[in-house]
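Numbering of ligands and ligand atoms starts at 1, following listing order.
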Amino acid sequence: MKVLKFGGSSLADSSQFAKVKAIVESDPAREVVVVSAPGKRNSGDNKITDLLYLVQAHIRYGVAYDNVMTMIRDRYREIAEGCGLSINVDALIDEAFEGVGKNTSVDYIVSRGEYFSAKLMAEYLGYTFVDAADWMFFDYSGKVKSDKTEAKLRELKGIYGNIVTPGFYGVYPNGEVKTFPRGGSDITGAIAAGCLDADVYENWTDVSGILMTDPRIVDHPKTIARVTYDELRELSYMGASVLHEDTVFPVRLKDIPVNIRNTNEPDDPGTIIREHFDDELEEETERFITGIAGKRNFSLISVYKSRIGEDKLSLLRKVLEVFDRYNIPVEQIPSGVDSFSVVFPSDSIKTRKHELMHELGDFEDIDNCALTEGISLIAVVGRQMAYRTGVSGKIFKTLGDHHINIRTIEQGADEINIMVGVFNEDFEKAVRVLYNSFAK
Ligand code: ASP
């Protein structure tokens, strides 16, 4: 049994709805469908959820909102007509907005995007509509009540079999609607898959999975076929835009594979995310890199003290105390015999650069302290790198062969991540060179 979640771009209009139907019908195991609200049809378009936030603002300030409502109605009318549905869209929307006023919660109003979407999709697929308000339960602190939610969804699935349910919201104990944060339909999908012990959680979007590197730097990078949660975390921490691992926590807990798929390219296998892969594919063993991610604009403060010896620890502590006081997130601390450096995001000291250098310069036990700006950090991530000899050598040699100077080097304790710091000017070249050498 598979639980599928379709994002906004997969539901943007009737032609996208048709693709969803074809996908669902191509596999009888696709029994549970979680939907977002219709998203943008093109870059200049609006997401229904954004329009609903706008409606709510109009209501709050007592401004007429008919034209925004018309835009919303038109979107659902087009879907219903294009898909040949018999549902009366206007009656559906009128009923949901009956009695809505200044005191209506924002969560209720914005959740209607998913609600309407699910109503239409249920008719289109011939599945039963199950309202998220009937199974996704929050306590008053906003935490999902897992046991009650699971029991109810299992019960409803048992009664109705194939179901469509809206993402993004649930209800407080008093029945009032509460939404997840933006993008929260991913969470609904993961919770549904977890509750129902699905064999797989398919997350359908508009890309064919997670890319090995940034497509703005490398032309058409390959898709990652399989990635572990630990690798995913390293990649997203370093700036790769991937599904946030918190959102899939419920499926991770039960070791249900997450499969990211592309609604517009349904034959692409996408990316599978799991805790471990016991059967590494030959391709994965040969290619030891899973992905390459990076971020620009870090700074590095280097501290020198000749013959520092045993005092190094105490000096390091003092310097880090200053960083702590300035609230600067420390990224790396590469160190030598008589020196160490602290690497951190440049914008964390934007206005206090001189103040910080002045304070460190006043330290009696420092000979010299220098600030280097314009550093980029690049993370080379791969579970196949762990406990394997020669990997870092290959990476450094490749950068050296291409005349890229490495400013800092770091490897995580689990050896699935090697991070190098290079100058901003070399950032894109370094990513490209690493990708072309090891990821292709
Ligand atoms: N429609 C909501 C949003 O735009 C939730 C979602 O799509 O996941 O944030």
Report summary line: re atom 6 (C) of ligand 1, the protein heavy-atom contact at minimum distance is S185 OG, 3.3 Å
Query raised in the report: Of all the atoms in ligand 1, which lie at a distance below 4.0 Å from a heavy atom belonging to E114?
Result: 1 (N), 2 (C), 5 (C), 6 (C), 7 (O)
**Report entry** Nearest-option assignment for atom 7 (O) of ligand 1, heavy atoms, candidates G184, S36, S117
**Finding:** S36
Requested in this report: Determine, using ring centers only, whether Y108 and Y115 are less than 6.0 Å apart.
Outcome: no
Requested in this report: Answer yes or no: are there more than 12 heavy-atom neighbours, outside D255 itself, under 6.0 Å from its atom CG?
Outcome: yes
**Report entry** Contact check, G183 vs ligand 1, heavy-atom distance below 4.0 Å
**Finding:** yes
Query raised in the report: Any idea which atoms of ligand 1 are less than 4.0 Å away from a heavy-atom of R182?
Result: 3 (C), 4 (O), 9 (O)
Requested in this report: Return yes or no for this condition: an N or O of D186 is under 3.5 Å from an N or O of ligand 1.
Outcome: no
Requested in this report: For the pair R73 and D94, find out whether any cationic side-chain nitrogen is under 4.0 Å from an anionic carboxylate oxygen.
Outcome: yes
Query raised in the report: Below 4.0 angstrom, N of the basic side chain to O of the carboxylate: do D230 and R233 qualify?
Result: no
Requested in this report: Look only at the side chain of R154 and the backbone of C195, and say whether a donor-acceptor pair between them is shorter than 3.5 Å.
Outcome: yes
